Amino acid sequence: GGDGMYNVFDKKTNRFLYNESQFGPLSRLDLVTGERKSIAYRGGNMKRFNWNAPILVSIHNGDVVYHCGNIVVKSTNRGESWTESSPELTTNDAAKMPDGRGGDGNIQYCTITTIDESPLQAGLLWVGTDDGNVWITRNDGANWTKLNDKIPGNPGYWVSRVAASNSAPGTAYVSYTGFRHDDFKPYVFKTTDYGQTWTSIAANLPAEPINVVREGAVNPDLLFVGTELNLVERLAGHRARAVDHQRQVQRGALRQLGGR
């Protein structure tokens, strides 16, 4: 990968590593043979990628890989071929794409920033974009539902993370970051009914933009939130608290948390 992009391991086979450079170049490394192959999808309705374009290897089937730009594409053979699994999922706002790609200079806008699959149901996918859209598909891309209007207090900002629950297929979390708008309030929401209703769970969180949220692997009432300054843990019914940085983690921006 380049410049700190995604590196995603196939945990089903313990053999393949997928990594990328900025704006979507995707490769697959065979850790047994050492073979590296470029497998990025180009053409069709894929027009642009985020600087860190999300990669997802299905926890249900290691041959299934998803990659995101302005649409979602899916491979069932580890990137040897791809199919488009979504329509345009961003706002596709021409005002944000004066050069046709999504930004002047070295930035592309109107891109997917985050994707997750339920570990309990194959093909139940959640997606978020840099221009505030949140989507769900319960049938592996055959139908998509936009959830923006169902999220009360939705700021419409960059969706920093969608995270599927480990304990219930209809439960998920979404966080937004207002960092690029000089808004440092925490925005994080939870649904338990496949996105039909959402509740803010930001109470008592520090006034810091949220980059990532993760549900506890064993206890669904335990949540971890990574902000621009802290790692915060929260147990249902209790106040959030920052993890002791001297013993646990270096103070700074957190954009990834371990999990599945």
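Source: prediction; values computed, not measured.
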So do His67 and Met46 actually touch side chain to side chain, heavy atoms under 4.5 Å? no
Using a 4.5 Å cut-off on heavy atoms from C-beta on, say whether the side chain of Asn19 contacts that of Ser27. yes
Honestly curious: do Val162 and Leu56 fall in one hydrophobic cluster under the side-chain, below-4.5 Å linking rule? no
Quick one: does Asn92's side chain get under 4.5 Å of Cys110's, heavy atoms only? no
May I ask whether Trp126 and Ile201 are part of the same hydrophobic cluster, defined by side-chain heavy atoms of I, L, V, M, F, W, Y residues being less than 4.5 angstrom apart, directly or through others? no
With a cut-off of 6.0 Å (strictly less than), are more than 12 heavy atoms of other residues, nucleotides or ligands near CG of Asp149? no
Answer with yes or no whether the hydrophobic clustering places Trp135 together with Leu125; edges join I, L, V, M, F, W, Y residues whose side-chain heavy atoms lie under 4.5 Å apart. yes
Does any part of the side chain of Ile39, heavy atoms only, come nearer than 4.5 Å to the side chain of Tyr18, both counted from C-beta? yes
Taking Ala164's backbone N and O only, do any of them form a donor-acceptor pair with Asp116's side chain (distance below 3.5 Å, no angle check)? yes
If hydrophobic clusters are built from ILVMFWY residues whose side chains come within less than 4.5 Å, do Phe16 and Leu26 share one? yes
Closest non-hydrogen contact found for Asn50 with Ile112 is CB-O, 3.6 Å
Test of understanding: with side-chain contact (heavy atoms from CB on, under 4.5 Å), list the residues that count as partners of Ser38, not counting sequence neighbours. none
Determine whether Tyr194 and Leu124 make a side-chain contact, defined as any pair of heavy atoms from C-beta on separated by less than 4.5 Å. yes
Residue pairs fulfilling ring pair (Phe, Tyr, Trp, His ring centres under 6.0 Å) with at least one residue in residues 195-222, sequence neighbours excluded: none
Contacts of Tyr157 meeting ring-ring contact (aromatic ring centres under 6.0 Å, His included) (sequence neighbours excluded), chain-then-number -> His181, Tyr187
Atom CG in Leu205, atom OG1 in Thr227: separation rounded to 0.5 Å? 9.0 Å
I'd like to know if Glu84 pairs up with Lys47 as an ion pair, taking the criterion as any Lys NZ or Arg NE/NH1/NH2 lying under 4.0 Å from an Asp or Glu carboxylate oxygen. no
What residues form a side-chain contact (heavy atoms from CB on, under 4.5 Å) with Val218, not counting sequence neighbours? none
If every non-hydrogen atom of Trp144 is compared with every non-hydrogen atom of Ser85, which pair is closest and at what distance? NE1-O, 2.8 Å
Distance in Å, His60 NE2 paired with Lys12 NZ, rounded so as to fall on 0.5 Å steps: 8.5 Å
Donor-acceptor under 3.5 Å (Glu20 side chain, Ala53 main chain): yes
Taking only residues two or more places apart in sequence, or in another chain, which ones meet Val8 in a side-chain contact (heavy atoms from CB on, under 4.5 Å)? Tyr6, Ile55, Val57
Test: salt bridge (Lys or Arg N to Asp or Glu O under 4.0 Å). Region: residues 181-199. Which pairs qualify, not counting sequence neighbours? Asp183-Lys185
Would you mind listing every salt bridge (Lys or Arg N to Asp or Glu O under 4.0 Å) that reaches into residues 56-72, with sequence neighbours excluded? Asp63-Arg78
Who pairs with Asp140 by salt bridge (charged side-chain N to carboxylate O under 4.0 Å, His left out), at least two apart in sequence or on another chain? Lys74
Would you mind reporting whether Phe189 and Tyr173 have side-chain heavy atoms less than 4.5 Å apart? no
Residue list, side chain to side chain donor-acceptor pair (under 3.5 Å) with Ser58, at least two apart or on another chain: Glu117
Holding to side chain to side chain donor-acceptor pair (under 3.5 Å), I want the full list of residues that pass it with Asn154, two or more places apart in sequence or in another chain. Tyr176
How would you list, by chain and number, every residue that makes a side-chain contact (heavy atoms from CB on, under 4.5 Å) with Leu29, sequence neighbours excluded? Leu17, Leu31, Arg36
With rounding to the nearest 0.5 Å, note down the distance linking OG in Ser118 to CD1 in Ile59. 9.0 Å
Over all heavy atoms of both residues, which pair between Ala40 and Gly24 is shortest? Give the atoms and the distance, please. CB-O, 3.8 Å
Could you grab the distance from atom OG1 of Thr91 to atom NZ of Lys96, nearest 0.5 Å is fine? 4.5 Å
If Ile, Leu, Val, Met, Phe, Trp and Tyr residues are connected whenever their side-chain heavy atoms lie under 4.5 Å apart, and connections chain through other members, are Val64 and Val73 in the same group? no
Side chain Ser75, main chain Ser81, donor-acceptor under 3.5 Å: yes
Tightest non-hydrogen contact, residues Phe49 and Arg42, listed as CE1-NH1, 2.8 Å
Find out whether Thr111 and Asn70 are in side-chain contact, i.e. whether some heavy atom of one side chain is under 4.5 Å from a heavy atom of the other. no
Mind checking the CG-CG spacing from Asn133 to Leu147? Nearest 0.5 Å is all I need. 9.5 Å
Set out, in order, the CA-CA distance, both residues' side-chain angles and the distance that settles side chain to side chain contact (heavy atoms under 4.5 Å, CB included) for Val65 and Trp82, then state yes or no. CA-CA 9 Å; Val65 183; Trp82 298 89; 4.0 Å; yes
Does Thr177 use its side chain to pair, donor to acceptor, with the backbone of Asn211 at less than 3.5 Å? no
Partner set under side chain to side chain donor-acceptor pair (under 3.5 Å) for Glu80, not counting sequence neighbours: Arg28, Lys37
Taking every heavy atom of Val159 against every heavy atom of Val134, the minimum-distance pair comes out as CG2-CG2, 4.0 Å
Please find the pair of heavy atoms, one from Ile210 and one from Ser175, that lie closest to each other, and give the distance. CG2-CB, 3.6 Å
When rounded to the nearest 0.5 Å, the distance separating OG of Ser86 from CG of Asn143 is 12.0 Å
